[in-house]
Enquirer: 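Take this structure first; my questions come after.
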2 protein chains.
Amino acid sequence: LIELVGLSKVFYTDEVETHALADVGLRINKGEYIAVEGPSGSGKSTLLSILGLLDTPTAGQYTLNSHSVDKLSAPERARIRNREVGFIFQSFNLIGDLTVFENVELPLTYRGMSSSDRKTRVQAALERVDMAPRMKHYPSQLSGGQQQRVAVARALGGDPAILLADEPTGNLDSRNGEAVMDILHELHRGGATICMVTHDPRYASCADRTVHVFDGRIVGPEEAKRL
Amino acid sequence: LIELVGLSKVFYTDEVETHALADVGLRINKGEYIAVEGPSGSGKSTLLSILGLLDTPTAGQYTLNSHSVDKLSAPERARIRNREVGFIFQSFNLIGDLTVFENVELPLTYRGMSSSDRKTRVQAALERVDMAPRMKHYPSQLSGGQQQRVAVARALGGDPAILLADEPTGNLDSRNGEAVMDILHELHRGGATICMVTHDPRYASCADRTVHVFDGRIVGPEEAKRL
Ligand SMILES: Nc1ncnc2c1ncn2[C@@H]1O[C@H](COP(=O)(O)OP(=O)(O)OP(=O)(O)O)[C@@H](O)[C@H]1O
Ligand SMILES: Nc1ncnc2c1ncn2[C@@H]1O[C@H](COP(=O)(O)OP(=O)(O)OP(=O)(O)O)[C@@H](O)[C@H]1O
Ligand SMILES: [Mg+2]
Ligand SMILES: [Mg+2]
């Protein structure tokens with residue numbers, strides 16, 4: 001399904017080049033559940049945003065379902081992303097001017113779904129995360145954890161084939177955290193491919209395997225412990 | 001130092017009233033280190049923003065150093081806040097147009113500190129959180145955990161008498177999380193009063209005691225377990 005070969009990402013700022021990812025090789029099979037862990041600033045979110053076609057690599061190859069996708073234009077990337085990928089951002093990225101309902105509905109609108117279909121899916125996604133009573137509120141009226149749960153619902157609404165989750169339980173108490181993990185588990189059983197960044201070893205153990213990132217490189221489990 | 005009696009906070013939105021806090025009583029002594037835990041949406045951030053004079057209660061009394069502060073005007077609250085309180089927000093709240101250095105410097109500028117004093121303190125605060133090399137960068141060029149560390153440095157810069165920390169380690173890996181907890185411990189040993197929201201029981205145990213919040217009320221440890 002997903003194959004990265006010699007992938008790197010460099011951010012150019014006026015004074016310094018930041019090598020966020022360097023020579024990364026990774027294979028993810030269809031239906032696999034991968035955890036990604038590593039220190040703050042090591043490149044996890046950058047890896048997820050390239051996997052999700054939100055950003056392009058500086059060098060290297062990325063093939064998705066045997067198509068090369070590392071040199072696509074922005075509209076082509078958006079077309080594939082809207083169809084295939086659900087994204088839970090580390091900083092929620094909810095749109096402040098839209099209600100909870102509209103935030104969750106937005107990715108479905110991009111897919112061209114009918115309004116009654118959208119309504120049913122939005123309602124179901126918000127119920128799964130216990131946020132249906134707040135659907136007419138705005139993100140600024142919600143607590144941190146409630147916003148995170150809305151962000152989870154937005155990623156699930158379209159039943160994505162690939163789910164990329166960047167610390168989906170970071171702001172949640174253990175009960176809500178476990179509820180989100182249960183949802184990811186159900187999606188996985190339904191055949192979805194999941195790539196989840198987490199700092200919590202309990203949640204990393206729910207995945208099939210863990211990928212360790214350090215200073216922009218993927219390292220083996222032994223090396224990760226030593227570092 | 002801090003005393004809340006019969007404190008409540010209601011948010012009025014067009015359709016519904018949300019009772020974020022109801023009849024809260026709390027005493028915090030000078031130099032005490034308190035942890036606050038409770039489910040998502042239970043009122044923890046609301047409690048911290050009232051303690052930090054960022055918001056006003058709907059009813060009830062709040063006395064700080066024997067002065068009643070629950071009916072002060074916004075400028076009066078800002079004057080006390082800038083002198084006494086350091087705040088680590090749950091959503092970082094870094095200003096995107098300012099560099100890392102300027103973000104950490106801002107609270108010190110409000111205090112009317114000289115530019116050379118500010119420079120020394122900003123440099124020291126960023127070194128404590130391992131972010132000095134990035135002082136000329138902007139928040140959008142940092143990872144989630146790096147932004148959180150800058151937010152911690154901003155709260156420490158002025159050596160506040162009261163530190164209010166809202167999940168200060170939420171986005172951090174265990175090494176950086178422990179580094180932030182060590183800083184809070186040093187501040188506490190130096191005499192600061194600390195009130196920290198955390199979902200992590202390991203970190204709650206560093207505090208002198210834990211306050212349990214449930215549906216806007218403070219409940220005893222036994223009741224918190226049952227719920
Ligand atoms: N500006 C607001 N307008 C309306 N309701 C609000 C507002 N801010 C918070 N609330 C509501 O008040 C309640 C308490 O929110 P608060 O942010 O204090 O929760 P919390 O305990 O910090 O939760 P979390 O662990 O998710 O951060 C929630 O139900 C929330 O939706
Ligand atoms: N837009 C950007 N411009 C410049 N540098 C960036 C940008 N985004 C990320 N970086 C840098 O790239 C490196 C990797 O960032 P990334 O966000 O992938 O880290 P992370 O592993 O997700 O960290 P965290 O656990 O703190 O969220 C960091 O050093 C970061 O400062
Ligand atoms: Mg990240
Ligand atoms: Mg909160």
Side-chain angles (χ1 to χ4, degrees), chain A residues 11-16 18 20 37-46 48-49 89-92 94 99 129-131 133-150 166-167 169-177 179-180 197-201 212-214 224 227, chain B residues 11-16 18 20 37-46 48-49 89-92 94 99 129-131 133-150 166-167 169-177 179-180 197-201 212-214 224 227:
Chain A
F11 290 106
Y12 299 97
T13 46
D14 42 350
E15 277 155 27
V16 71
T18 309
E37 71 80 27
S40 166
S42 56
K44 303 180 297 292
S45 296
T46 305
L48 241 55
S49 70
F89 296 92
Q90 187 171 4
S91 50
F92 314 150
L94 297 178
T99 64
V129 295
D130 269 349
M131 286 300 289
R134 308 297 294 256
M135 62 169 64
K136 295 212 177 81
H137 286 206
Y138 289 86
S140 68
Q141 299 174 326
L142 302 178
S143 77
Q146 290 169 335
Q147 289 180 39
Q148 187 150 22
R149 284 186 279 156
V150 171
D166 200 343
E167 304 192 32
T169 62
N171 276 298
L172 297 179
D173 56 283
S174 46
R175 209 181 56 195
N176 280 300
V180 166
V197 170
T198 181
H199 290 308
D200 194 325
H212 303 276
V213 180
F214 191 85
L227 292 161
Chain B
F11 290 105
Y12 298 96
T13 46
D14 40 351
E15 279 155 25
V16 70
T18 309
E37 70 82 25
S40 165
S42 56
K44 303 182 296 293
S45 295
T46 304
L48 240 56
S49 71
F89 295 92
Q90 188 170 4
S91 51
F92 315 150
L94 297 177
T99 64
V129 297
D130 269 349
M131 285 299 290
R134 308 295 295 255
M135 64 169 65
K136 294 209 176 81
H137 285 204
Y138 288 86
S140 67
Q141 300 174 327
L142 302 177
S143 78
Q146 290 168 335
Q147 289 181 39
Q148 186 149 21
R149 284 186 278 155
V150 171
D166 202 342
E167 304 191 29
T169 62
N171 276 297
L172 296 179
D173 56 284
S174 46
R175 210 180 55 194
N176 280 300
V180 166
V197 170
T198 181
H199 291 308
D200 193 324
H212 302 276
V213 181
F214 192 85
L227 292 161

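Remember, predicted model here, so these are calculated numbers, not experimental data. A note on names: the letters A, B, ... follow the listed sequences, proteins ahead of strands, and every chain is numbered from 1.
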Enquirer: Provide the closest heavy-atom pair for A:P201 versus A:H199 in the form atom of the first, atom of the second, distance.
Expert: CD-O, 3.3 Å
Enquirer: Sort B:S143 into side chain, backbone, both or neither according to what part of it lies under 4.5 angstrom from a heavy atom of chain A.
Expert: side chain
Enquirer: With chain A as the partner, which of B:S91, B:P39, B:S45 has the greatest number of non-hydrogen pairs under 4.5 Å?
Expert: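 Most heavy-atom pairs under 4.5 Å with chain A: B:P39.
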Enquirer: Without swapping roles, check the side chain of A:D173 against the backbone of B:S40 for a donor-acceptor pair under 3.5 Å.
Expert: yes
Enquirer: Give the member of B:E37, B:Q148, B:Q141, B:R175 that has the highest number of heavy-atom pairs under 4.5 Å with chain A.
Expert: B:Q141
Enquirer: Could you tell me whether the side chain of B:E167 and the main chain of B:Q90 form a donor-acceptor pair under 3.5 Å?
Expert: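 Judged by distance alone, no pair lies under 3.5 Å.
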Enquirer: Is B:N171 close to chain A through its backbone or its side chain, or both, or neither, when contacts mean heavy atoms under 4.5 Å?
Expert: both
Enquirer: Only pairs of heavy atoms separated by less than 4.5 Å count here; which of B:T18, B:T13, B:D130, B:T46 has the most with chain A?
Expert: B:T13
Enquirer: Apply ring pair (Phe, Tyr, Trp, His ring centres under 6.0 Å) to A:F92 and list each qualifying residue two or more places apart in sequence or on a separate chain.
Expert: none
Enquirer: Which residue out of B:G177, B:A20, B:G38, B:G41 racks up the most heavy-atom pairs below 4.5 Å with chain A?
Expert: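 Heavy-atom pair counts peak at B:G41.
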Enquirer: Between B:K136 and chain A, which part of the residue has a heavy atom less than 4.5 Å away: side chain, backbone, both or neither?
Expert: side chain
Enquirer: Do you know which of B:N176, B:T198, B:L172 has the most heavy-atom pairs under 4.5 Å to chain A?
Expert: B:L172
Enquirer: Please examine the side chains of A:H137 and A:M131, heavy atoms only from C-beta on, and report whether any two atoms are closer than 4.5 Å.
Expert: no
Enquirer: Given B:P139, which partner from the list B:T99, B:L94, B:V150 fulfils the side chain to side chain contact (heavy atoms under 4.5 Å, CB included) test?
Expert: B:L94
Enquirer: Not counting sequence neighbours, which residues clear salt bridge (Lys or Arg N to Asp or Glu O under 4.0 Å) with B:D200? List them please.
Expert: B:R202
Enquirer: Given that the side chain runs from C-beta out, which part of B:Q146 has a heavy atom under 4.5 Å from chain A: side chain, backbone, both or neither?
Expert: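 When you check distances to chain A, atoms from both the backbone and side chain of B:Q146 fall under 4.5 Å.
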